[in-house]
Amino acid sequence: MPSPTISHIICTTALVSLIFIMPFYYGIVLDNISMDVARRELKEIADYVSNTFSNLYFLVNSTQYLNVNLTKELTYLPLTVEDAIYVVKITGSGGNATKIIAYLRERSSIISETWLSPGMKIGSNDSVESWRGSIVAGCNRNNTGIYIWFSYGGS
């Protein structure tokens with residue numbers, strides 16, 4: 001075969017293979033970018049919730065009264081992250097709250113966490129889902145400790 005024919009065959013084969021292979025790699029890159037964006041948004045959510053609990057904790061701990069109960073509606077939480085429902089959860093060990101975890105309900109591998117101030121205990125409701133409406137963070141102090149919890153709306 002003459003040299004130009006071989007060059008055309010090589011270039012045509014390369015072009016056809018690029019047409020079929022590039023969308024596959026593009027899909028992988030696009031999925032990685034959307035996962036990274038979701039993790040960053042979940043990190044912002046976890047940081048916001050952790051900061052709210054820390055503020056409530058310091059307010060409850062700064063008063064001299066024994067039975068104190070404070071709540072704060074988390075108005076800046078989005079309903080979805082990357083068009084998916086997410087869960088925010090208080091985790092810890094031995095009843096002590098150590099960190100806030102936020103993850104996508106359908107893809108629990110996309111997760112973000114942030115640490116809480118020491119001294120808080122896990123209250124009655126330790127997790128919420130974003131689709132159920134407005135979320136309220138609460139902190140109360142009694143004779144056994146300072147507890148943090150979640151609730152929905154005004155309940």
Side-chain angles (χ1 to χ4, degrees), residues 15 17-155:
L15 184 62
S17 64
L18 279 176
I19 290 171
F20 290 112
I21 293 174
M22 286 300 288
F24 175 72
Y25 286 111
Y26 177 74
I28 292 173
V29 170
L30 189 63
D31 189 48
N32 287 341
I33 290 171
S34 67
M35 285 175 40
D36 187 47
V37 169
R39 273 193 198 93
R40 289 174 192 238
E41 287 184 37
L42 290 172
K43 179 66 175 166
E44 287 181 17
I45 290 168
D47 286 342
Y48 172 61
V49 172
S50 174
N51 187 34
T52 301
F53 277 130
S54 295
N55 290 339
L56 290 173
Y57 171 75
F58 290 124
L59 286 171
V60 166
N61 205 22
S62 67
T63 184
Q64 63 185 352
Y65 299 109
L66 179 62
N67 292 323
V68 179
N69 188 11
L70 291 177
T71 58
K72 165 97 170 72
E73 184 174 354
L74 302 174
T75 56
Y76 298 111
L77 289 181
L79 290 177
T80 60
V81 170
E82 294 294 308
D83 296 327
I85 296 168
Y86 63 91
V87 177
V88 180
K89 185 173 183 165
I90 305 167
T91 63
S93 61
N96 293 321
T98 56
K99 59 186 169 180
I100 298 292
I101 294 177
Y103 61 91
L104 296 182
R105 189 174 70 173
E106 291 82 22
R107 294 180 72 179
S108 60
S109 63
I110 301 177
I111 188 169
S112 184
E113 59 186 36
T114 187
W115 294 98
L116 286 167
S117 300
M120 296 183 231
K121 296 183 178 190
I122 299 173
S124 58
N125 190 8
D126 66 347
S127 68
V128 287
E129 292 183 350
S130 62
W131 66 276
R132 293 191 179 180
S134 64
I135 298 172
V136 175
C139 183
N140 67 312
R141 181 172 75 179
N142 57 27
N143 56 358
T144 60
I146 298 175
Y147 295 88
I148 57 173
W149 44 268
F150 290 114
S151 69
Y152 294 105
S155 59

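Keep in mind that the numbers below use all heavy atoms, side chains included, and drop hydrogens, waters and symmetry copies.
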Test of understanding: with side chain to side chain contact (heavy atoms under 4.5 Å, CB included), list the residues that count as partners of S109, not counting sequence neighbours.
none

Can you name the residues that form a side chain to side chain donor-acceptor pair (under 3.5 Å) with W131, not counting sequence neighbours?
E129

With a 6.0 Å cut-off (strictly less than), is the heavy-atom count around CZ of R40, excluding the residue itself, greater than 12?
no

For a quick test of reading the model, state the closest non-hydrogen atom pair linking L74 to Y48 and the distance between them.
CA-OH, 3.6 Å

Minimum heavy-atom distance between L116 and S50, given as atom pair plus value
CD2-OG, 3.7 Å

Determine which pairs satisfy side-chain hydrogen bond (donor to acceptor under 3.5 Å, both in side chains) with at least one residue from residues 51-64, sequence neighbours left out, and list them in order.
S54-S117

Which pair of non-hydrogen atoms, one from N96 and one from K121, has the smallest distance, and what is that distance?
OD1-CG, 3.7 Å

Would you mind listing every salt bridge (Lys or Arg N to Asp or Glu O under 4.0 Å) that reaches into residues 47-70, with sequence neighbours excluded?
K43-D47

Would you compute the distance between atom CD1 of I101 and atom CG of D126 and round it to the nearest 0.5 angstrom?
10.0 Å

Does any pair with a residue in residues 60-88 pass salt bridge (Lys or Arg N to Asp or Glu O under 4.0 Å), and if so which ones, sequence neighbours excluded?
none

Looking at L79, I want to see if its CG is surrounded by more than 12 non-hydrogen atoms of other residues, nucleotides or ligands under 6.0 Å.
no

If every non-hydrogen atom of S108 is compared with every non-hydrogen atom of I111, which pair is closest and at what distance?
O-CB, 4.1 Å

With side chain to side chain contact (heavy atoms under 4.5 Å, CB included) as the criterion, how do V88 and I135 come out once you've worked through the C-alpha distance, each side chain's angles and the decisive distance to 0.1 Å?
CA-CA 10 Å; V88 180; I135 298 172; 5.5 Å; no

Any salt bridge (Lys or Arg N to Asp or Glu O under 4.0 Å) involving residues 19-33? Give me the pairs, sequence neighbours left out, ordered by first then second residue.
D31-R107

Distance (rounded to the nearest 0.5 Å) between T80 OG1 and I85 CD1:
8.5 Å

Sequence neighbours excluded, the answer for side chain to side chain contact (heavy atoms under 4.5 Å, CB included) partners of I21 is S17, Y25

Ring pair (Phe, Tyr, Trp, His ring centres under 6.0 Å) with Y86: which residues, sequence neighbours excluded?
none

To the nearest 0.5 Å, tell me how far N69 CG sits from T71 OG1.
6.5 Å

Tell me, which pairs form a salt bridge (Lys or Arg N to Asp or Glu O under 4.0 Å) where one or both residues lie in residues 86-101, sequence neighbours left out?
K99-E113

Ring pair (Phe, Tyr, Trp, His ring centres under 6.0 Å) partners of F150, counting only residues at least two apart
F53

Do you know which two heavy atoms are closest between A137 and L56, and how far apart they sit?
O-CD1, 3.7 Å

Sequence neighbours excluded, the answer for side chain to side chain contact (heavy atoms under 4.5 Å, CB included) partners of A46 is I100, A102, T114

What closest approach, in Å, do Y147 and I122 show between heavy atoms, and which atom pair accounts for it?
CD2-O, 3.5 Å

In this structure, CD1 of I146 is separated from CZ of R141 (nearest 0.5 Å) by 6.0 Å

If you round to the nearest 0.5 Å, how far is CG of D36 from CD1 of I110?
10.0 Å

Euclidean distance, Y152 OH relative to S134 OG, rounded to 0.5 Å
10.5 Å

Partners of E41 by salt bridge (charged side-chain N to carboxylate O under 4.0 Å, His left out), sequence neighbours excluded?
none

